[in-house]
Visitor: 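Encoded as structure tokens, here's the structure I'll be asking about.
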Amino acid sequence: MDEFDLTIGTQVFCIDGKCGKLAKYAVNLESWQVTHLIVEDGFLLRRSRVFPFPTVWRATPDEIQLSTDAEELRNYPEFREEVIEKPAPEYGGGSS
């Protein structure tokens, strides 16, 4: 299994240039594996897109490289944060 360095704020690049910075990432709570990256672009009109983790080609402490190009960016969904009303079940058996 490959390991990648994923630090919030790291610059993210497509094959043909910069496409934003890492804003968040999603983790599968059962396997603790990263499933998606949320990449933010723009200054005043910010837009965040969701990329499946397999699009990561390489990641270092300085940059993350995706295996997609700028033209394909529009094919990925925009990130939209939602509030969950029901609490999630406890993981890890903590005491209450």
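Below, each value reflects all heavy atoms present in this structure, side chains not excepted, and no hydrogens, waters or symmetry copies.
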Visitor: Is there any side chain to side chain donor-acceptor pair (under 3.5 Å) pair reaching into residues 61-73, and which pairs are they, with sequence neighbours excluded?
Guide: Glu63-Gln65, Thr68-Glu72, Glu71-Arg74

Visitor: Apply the hydrophobic cluster definition, ILVMFWY joined by side-chain contacts under 4.5 Å directly or through others, and give me every member besides Ile38.
Guide: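 Reading the cluster by chain and number, Ile38 sits alongside Val50, Phe79.
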
Visitor: Kindly give the heavy-atom pair with the smallest separation between Asp41 and Cys19, and that separation in Å.
Guide: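 For Asp41 versus Cys19, the nearest heavy atoms are CB-O, 3.6 Å.
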
Visitor: What residue pairs, at least two apart or across chains, pass side chain to side chain donor-acceptor pair (under 3.5 Å) with a residue in residues 51-61?
Guide: none

Visitor: Test of understanding: with side chain to side chain donor-acceptor pair (under 3.5 Å), list the residues that count as partners of Thr7, not counting sequence neighbours.
Guide: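 For Thr7, the residues satisfying side chain to side chain donor-acceptor pair (under 3.5 Å) (neighbours in sequence not counted) are Asp5.
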
Visitor: State which residues pass side chain to side chain contact (heavy atoms under 4.5 Å, CB included) with Val27; sequence neighbours excluded, sorted by chain then number.
Guide: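 For Val27, the residues satisfying side chain to side chain contact (heavy atoms under 4.5 Å, CB included) (neighbours in sequence not counted) are Tyr25, Trp32, Val34.
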
Visitor: Pick out which of Leu73, Val12, Ile64 makes a side-chain contact (heavy atoms from CB on, under 4.5 Å) with Val39.
Guide: Val12

Visitor: Suppose we screen for salt bridge (charged side-chain N to carboxylate O under 4.0 Å, His left out). Which residues come up paired with Lys18, at least two apart in sequence or across chains?
Guide: none

Visitor: Please find the pair of heavy atoms, one from Lys21 and one from Gly9, that lie closest to each other, and give the distance.
Guide: CB-O, 3.9 Å

Visitor: Could you tell me the separation between the CZ atom of Phe53 and the CG atom of Asn28, rounded to the nearest 0.5 Å?
Guide: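 Reported to 0.5 Å precision, the distance equals 13.0 Å.
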
Visitor: With rounding to the nearest 0.5 angstrom, report the CD to CG distance, Gln11 to Leu22.
Guide: 10.0 Å

Visitor: Minimum heavy-atom separation for Pro52 and His36, please, with both atom names.
Guide: CA-CD2, 3.6 Å

Visitor: Could you tell me which residues satisfy ring-ring contact (aromatic ring centres under 6.0 Å, His included) with Tyr76, sequence neighbours excluded, listed by chain and number?
Guide: Phe51

